[in-house]
K.L.:
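The following block contains the structure, expressed as structure tokens.
Side chains included, hydrogens not; waters and symmetry mates left out as well; all remaining heavy atoms used. None of the values given here were measured: they were computed from a predicted structure. Chain letters run A, B, ... following the sequence lines, proteins first and then strands; every chain starts at 1.
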2 protein chains.
Amino acid sequence: MKQEGRAAGTPATLWDRTRLLASRDVLETALRLFTEQGYDETTIAQIAREAGVSQRTLFRYFGTKEDLLGGNQDRFGQVLADAISEQHAEVGVWEALRAGVVAAQALHDGPEQALKRFRLLHDTATLRAGWLEKRLRFQEDLLPLVKARMDLAVGSTDPAARAVIATVFACLDAASMTWVDNDGKGDLMDLYDECLAAVRGCPTATSQP
Amino acid sequence: MKQEGRAAGTPATLWDRTRLLASRDVLETALRLFTEQGYDETTIAQIAREAGVSQRTLFRYFGTKEDLLGGNQDRFGQVLADAISEQHAEVGVWEALRAGVVAAQALHDGPEQALKRFRLLHDTATLRAGWLEKRLRFQEDLLPLVKARMDLAVGSTDPAARAVIATVFACLDAASMTWVDNDGKGDLMDLYDECLAAVRGCPTATSQP
DNA sequence: CGCCGAACTGGCAGTCACTGCCAAACCACT
DNA sequence: AGTGGTTTGGCAGTGACTGCCAGTTCGGCG
């Protein structure tokens, strides 16, 4: 009796449904404990206990303690890449990348959760490291896309494409740091634009001899 | 821990001399094993055994497995900051930062060792993460220095300073990646200049033949 | 020269994230 | 029910890292 007729998005079997439910529970418990007592001070054993699963199962759901933070971190890279490749060919690199950033930013449930997660990310050394590492992989994935848009051969050794991508992430970094420092005041993309202007734009604010 | 001021430069007590000798041994053994069999495949126990010290002592010398890679990684940040603050006030931010990068680059024993270390760094996920994390701390340390040079209040929430610093590191990153991909061919600073030019468009006085 | 206090070293046990293995529980389909 | 494939939980083990407690070594002092 597989009642498959329902909406395409719903999970197929009951098994997967419980699975999803349990994983959501774990995720919520983890985020709660992390914010309550800090990331490093929270052990896997505690999360497993409070979420009602065994440690072993928890590790089967999420391979890593870091993965307990944001389940959609991997989607970040995917959305980014998709949004960029959807841009028309005439659109410049910087604009295309900006569009990608906007799209990826829309993944957050809301500014509340985003700020909470950002703060955790910025305050915990190990989390920061993990995030940066993941980001580096996204950058590598973006490389062919950007190269194509810059009229560079894919096998080219030109560092320009890498530089552009890295700079975009750098500005996003600077923007989000400032955003967190300001307790989430203002729009993140405005800060991003400001950062990019400071780096490439007309030397108004930056004293350039 | 207590640095006696005896003869400036010469090793103070015999104790510290043996200490230095031993730590150099450990460092060499570690780098050798890392390059021979990979970072993750090398255990602390093995390094300690082959270097002739106990694990406990090894951890007292270097607090972390990562610290066994480049003993002078911490000096990187120091040298960078020093070189920047030594620049004349009229020197622009970008130039000052470039000078810092040049100074920091001189820390490497030679292009051979540098390439070896870079390759290890780029190929090992955990090392990459750690390095990025450390770099982020350097960036934070540089913030007041750069803000001052950009005529920004130290307490200002302007993201421009952060953006500039992050971009410099991003370009250094892109340059070193390309450098490694090219097996160390060419000059790293040339690549850096190329990266910065690609990002900022206007080639300022940074190109120095 | 011998001794004492201070710093260093080594070993042991323990914590924590994470993995492999195996038996028990589970759900789906017949 | 029964069977087969999947999932789960517990257990032991690995590897980085820390605290603790002796044992050793160095430096200076009488």
K.L.:
Could you check how far CD of B/Gln55 sits from C1' of D/dA16, rounded to whole Å?
P.N.:
9 Å

K.L.:
Could you work out which one of C/dA17, D/dG10, D/dT18 sits closest to the side chain of A/Phe59?
P.N.:
C/dA17

K.L.:
Could you give the CD1-to-P distance, from B/Ile44 to C/dG11, as a whole number of Å?
P.N.:
16 Å

K.L.:
Expressed in angstrom and rounded to an integer, what is the separation of A/Glu41 atom CD from D/dT18 atom P?
P.N.:
14 Å

K.L.:
If you check every side-chain atom of A/Thr43, which of C/dC16, D/dA16, C/dC21 has the closest atom?
P.N.:
C/dC16

K.L.:
What contact category does B/Thr42 fall into here, base, sugar-phosphate, or nothing, at under 4.0 angstrom with non-hydrogen atoms?
P.N.:
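Since only primed, P, OP1 and OP2 atoms lie under 4.0 Å of B/Thr42, the category is sugar-phosphate.
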
K.L.:
Figure out the CG/P separation between A/Leu127 and C/dA17, and round it to whole Å.
P.N.:
12 Å

K.L.:
Check the distance between D/dT24's C1' and B/Arg60's CZ and give it to me in whole angstrom.
P.N.:
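Rounded to whole Å, this separation is 12 Å.
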
K.L.:
Does a side-chain N-to-carboxylate-O contact under 4.0 Å join B/Lys147 and B/Asp158?
P.N.:
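Salt bridge between B/Lys147 and B/Asp158, a charged N being under 4.0 Å from a carboxylate O: no.
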
K.L.:
Taking only Lys NZ, Arg NE, NH1 and NH2, and the carboxylate oxygens of Asp or Glu, determine whether B/Arg24 and B/Glu28 approach each other closer than 4.0 Å.
P.N.:
no

K.L.:
Please report the distance, rounded to the nearest Å, between CG in A/Leu68 and P in C/dC16.
P.N.:
16 Å

K.L.:
May I ask you to evaluate whether B/Thr57 reaches the phosphate of C/dT9, defined as a side-chain N or O under 4.0 Å from OP1 or OP2?
P.N.:
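Answer is no, no contact under 4.0 Å.
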
K.L.:
Kindly point out which of D/dC17, D/dG10, C/dC18 is positioned nearest to the side chain of B/Thr64?
P.N.:
D/dC17

K.L.:
Mind calculating the distance between CG (A/Leu21) and P (D/dT8) to the nearest angstrom?
P.N.:
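Atom CG in A/Leu21 sits about 13 Å away from atom P in D/dT8.
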
K.L.:
How long is the line joining CZ of B/Phe62 and C1' of D/dA16, in whole Å?
P.N.:
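One finds 16 Å between C1' of D/dA16 and CZ of B/Phe62, rounded.
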
K.L.:
Return the set of residues passing side-chain contact (heavy atoms from CB on, under 4.5 Å) with B/Gln87 (not counting sequence neighbours), or none when no residue passes.
P.N.:
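Residues passing side-chain contact (heavy atoms from CB on, under 4.5 Å) with B/Gln87: B/Val91, B/Ala96, B/Ala99, B/Arg149.
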
K.L.:
For C/dT9, take OP1 and OP2 only and decide whether either is under 4.0 Å from a side-chain N or O of B/Tyr61.
P.N.:
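Yes, within the criterion.
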
K.L.:
For the residue pair B/Glu50 and B/Thr29, confirm or rule out a side-chain donor-acceptor distance under 3.5 Å.
P.N.:
no

K.L.:
Which nucleotide in the set D/dC11, D/dT18, C/dA17 lies at the smallest distance from any side-chain heavy atom of A/Lys65?
P.N.:
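Output: C/dA17.
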
K.L.:
Measuring to OP1 and OP2 of D/dT8, would you say a side-chain N or O of A/Arg19 lies under 4.0 angstrom away?
P.N.:
yes

K.L.:
Can B/Arg162 and A/Asp173 be counted as an ion pair, charged N to O under 4.0 angstrom?
P.N.:
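A salt bridge is absent here (no side-chain N lies under 4.0 Å from a carboxylate O).
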
